[in-house]
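Heads up, the thing below is written out as structure tokens.
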Amino acid sequence: MDNSSHSHVYRYSWDPEELRQYPWSRTYLRQPEVLAYLRHIVERHKLRQYMQFNTQMTAAEWESDNNSWRVQTSTGQQLSAAYLITGLGLLSKQNFPRYPGLDQFKGELYHTGAWPETHDFRGKRVGVIGNGSTGVQIITKLADDDLKQLLCFQRTPQYVVPAGDTEASPEYRQSINEKYDDIWKQVKGSAFAFGFEESTIPTMSVSPEERERIFEEAWQQGNGFRFMFGTFCDISYDPDANAEAANFIRKKIRVTVKDPEKARKLTPTEYYARRPLCDTGYYSKFNKDHVDIVDLKATPIVGFAPNGIRMADGTVHQLDVVIFATGFDAVDGNYTRIPIRGRRGQTLKERWEGGATSYLGFSVPEFPNLFMILGPNGPFTNLPPSIETQVEFIHELITHSHSGDSKSTVEATVEAEDEWTDICDDISANSLFRKTDSWIFGANVPGKKKSVLFYFGGLGNYRKVLDEVRQRGYRGFLLQ
Ligand code: NA7
């Protein structure tokens with residue numbers, strides 16, 4: 001399931017009839033439901049005719065002679081396009097640590113980013129490396145399967161709160177349908193676009209009893225983003241506030257996990273300042289005898305043996321299946337692995353040597369008519385509403401600039417990009433997220449430069465910025 005966004009806001013807002021009709025079964029969607037929904041939208045809006053599958057873009061180059069992009073594909077095609085709009089995926093390029101001996105491992109090997117349609121782990125010894133959003137979900141699910149052993153290789157313990165996943169009753173659905181217009185209005189004006197009201201109350205402004213009550217209520221209600229941003233307003237930047245939320249979750253771990261040694265390993269000590277996680281019973285799964293944790297900070301992995309994972313102390317954990325839940329080279333990873341060359345022959349990778357930047361999260365100087373949906377320094381939110389926001393704006397911008405002459409170009413100015421980069425930098429300067437290593441600031445992939453990769457001003461403010469840019473004649477863009 002998508003374990004943050006509720007089903008009713010993890011979809012498109014622009015087809016009101018469909019929004020009210022299309023069925024969903026639970027308050028959070030599972031992957032097959034997301035896929036079925038996307039397929040349905042493609043059918044309903046007759047989009048299949050515009051799609052070509054099993055084709056990778058292998059290179060793209062701006063040709064100044066005829067003001068167009070030349071795109072090469074894995075199918076050997078050379079395509080020419082006046083505008084190149086990319087949706088390469090914010091979390092798509094796998095981070096797959098290549099441990100020594102990996103090739104010799106005789107068991108089954110998976111990465112959660114390329115999950116097979118079917119699998120059968122019954123009776124097997126399964127190892128999961130990584131316990132981010134995906135690792136937590138997969139561990140929670142596999143712990144209930146009929147495995148011989150589930151061994152979780154954990155580098156950094158995480159704070160996880162309940163998701164509050166329940167069946168969507170007809171009454172619940174009806175109530176959503178009746179207020180959908182208001183729901184989208186609120187979502188698009190909010191910071192994180194998850195459909196809850198973000199708190200404006202500082203953590204320390206209420207009594208300890210009231211704090212406890214608010215945290216407990218949010219714990220019972222569920223949802224990671226709601227817990228972090230709907231309880232109090234300062235958990236992500238005030239260390240004292242952060243400690244209160246972190247301590248509340250630590251207490252929950254202590255009372256949930258019966259084995260004190262397992263509880264100790266599962267208890268985080270860092271700031272509660274990574275992508276907020278939620279689950280359907282993660283900590284309690286460690287009460288099962290066949291589920292255990294290996295603390296990688298105490299004993300790192302040194303490599304793979306044919307029959308398992310070899311540790312620094314010489315132990316080999318024997319495994320039939322190893323699942324890498326090690327995440328992604330997020331945001332710019334899919335842009336830097338393909339040579340995308342702009343006006344002067346420079347690739348995006350070269351241009352982004354000091355860190356990936358853009359104007360408004362989708363446009364880069366020297367790369368005319370290139371629009372990256374969810375490119376670097378776009379809003380950090382529940383993503384469908386941000387995707388829609390960018391798509392609508394890019395559509396308007398192209399329509400506005402396109403004079404009927406296929407030679408029109410739209411290009412961000414260097415000044416506008418610098419200004420936007422500074423804004424993103426300033427907004428996140430005091431964030432505890434920035435002081436805590438994770439993919440959100442590019443700190444999860446060895447060798448990747450840590451940098452600001454998101455606009456943390458919120459979707460509502462982002463939309464205001466776009467309105468102003470529009471009203472001021474597409475300020476920051478050179479239209480030729
Ligand atoms: P994440 O959140 O980046 O989590 C990756 C996990 O893998 C995390 O626990 C990492 O530990 C761990 N990791 C990464 N590399 C290694 C190595 N080399 N050895 C051991 N452990 C490692 O990725 P997810 O797929 O869970 O989620 C990404 C987003 O996708 C998610 O937020 C959703 O928005 C969708 P670390 O914490 O770095 O110590």
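Values reported hereafter were calculated over all heavy atoms of this structure, with side chains retained and with hydrogens, waters and symmetry mates removed. Order of listing sets the numbers, starting from 1, for every ligand and every atom in it. When a residue number appears, it is its place in the shown sequence, counting from 1.
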**Study point:** Under 4.0 Å to a heavy atom of N131 - the qualifying atoms of ligand 1, by number
**Key:** 6 (C), 8 (C), 9 (O)

Exercise for review: Taking only heavy atoms of T134 into account, list the atoms of ligand 1 that are under 4.0 Å away from them.
Suggested key: 24 (P), 25 (O), 26 (O), 27 (O)

Review point. Which residue holds the protein heavy atom closest to atom 23 (O) of ligand 1, what is that atom called, and what is the gap in Å?
Key: G327 CA, 3.2 Å

Practice item. Please work out which of H111, Q94, Q137, R155 has its closest non-hydrogen atom nearest to atom 10 (C) of ligand 1. Key: R155

**Study point:** For I129 against I309, the heavy-atom pair lying closest together
**Key:** CD1-CD1, 3.9 Å

**Study point:** Heavy-atom check, side chain of R122 versus side chain of D145, under 4.5 Å
**Key:** no

Practice item. Give the residue, atom name and distance (to 0.1 Å) of the protein heavy atom nearest atom 37 (O) of ligand 1. Key: R274 NH1, 2.8 Å

Review point. Ligand 1 versus Q158, non-hydrogen atoms closer than 4.0 Å: side chain, backbone, both, neither?
Key: neither

Check your understanding: What is the nearest protein non-hydrogen atom to atom 4 (O) of ligand 1, stated with its residue, atom name and distance?
Key -> G132 CA, 3.5 Å

Check your understanding: Do Q154 and L266 come close enough that some side-chain heavy atom pair is under 4.5 Å?
Key -> yes

Check your understanding: Can you tell which of S92, A325, G130, P97 gets a heavy atom nearest to atom 5 (C) of ligand 1?
Key -> A325

Point to revise | Residue, atom name and distance, where the atom is the protein heavy atom closest to atom 28 (C) of ligand 1 | key: W439 NE1, 3.6 Å

Exercise for review: Test F153 against H317 for ring-ring contact (aromatic ring centres under 6.0 Å, His included), laying out the working first.
Suggested key: CA-CA 10 Å; F153 294 83; H317 291 291; 5.6 Å; yes

Review point. For ligand 1, which atoms sit closer than 4.0 Å to a heavy atom of I129?
Key: 20 (C), 21 (N)

Review point. So which bit of D437 gets within less than 4.0 Å of ligand 1, heavy atoms only: side chain, backbone, both or neither?
Key: neither

Review point. Can you list the ligand 1 atoms lying under 4.0 Å from a non-hydrogen atom of N95?
Key: 14 (C), 15 (N)

Review point. Sub-3.5 Å donor-acceptor pair from the side chain of T326 to the main-chain atoms of N95, do we have one?
Key: yes

Practice item. State whether the shortest distance between N or O atoms of R275 and N or O atoms of ligand 1 falls below 3.5 angstrom. Key: yes

Revision key, fill the gap. In short, G87 meets Y335 closest at the heavy-atom pair N-OH, 4.4 Å

Check your understanding: Does the side chain of F286 come within less than 4.5 Å of C152's, by heavy atoms?
Key -> yes

**Study point:** Y99 neighbourhood, listing ligand 1 atoms whose heavy-atom distance to it stays under 4.0 Å
**Key:** 17 (C), 18 (N), 19 (N), 20 (C)

Check your understanding: For the residue pair W439 and F328, is the inter-centroid distance of their aromatic rings smaller than 6.0 Å?
Key -> no

Check your understanding: Among protein heavy atoms, which lies nearest atom 30 (O) of ligand 1, and at what distance?
Key -> L91 CD1, 3.4 Å

Study note, to complete from the structure: Within 4.0 Å of some non-hydrogen atom of T156, the atoms of ligand 1 are 36 (P), 37 (O), 39 (O)

Check your understanding: Which atoms of ligand 1 have any heavy atom of L296 under 4.0 Å away?
Key -> 20 (C)

Practice item. Report yes or no: does E350 contribute a side-chain atom to a donor-acceptor pair with the main-chain N or O of T347 at less than 3.5 Å? Key: yes

Review point. When you look at H6 and Y28, which way does the side-chain hydrogen bond (donor to acceptor under 3.5 Å, both in side chains) test go after all the steps?
Key: CA-CA 5 Å; H6 283 123; Y28 293 88; 3.3 Å; yes

Point to revise | Numbered atoms and elements of ligand 1 in range of F328, under 4.0 angstrom, heavy atoms | key: 25 (O)

Review point. Does some side-chain heavy atom of H8 sit less than 4.5 Å from a side-chain heavy atom of W24?
Key: yes

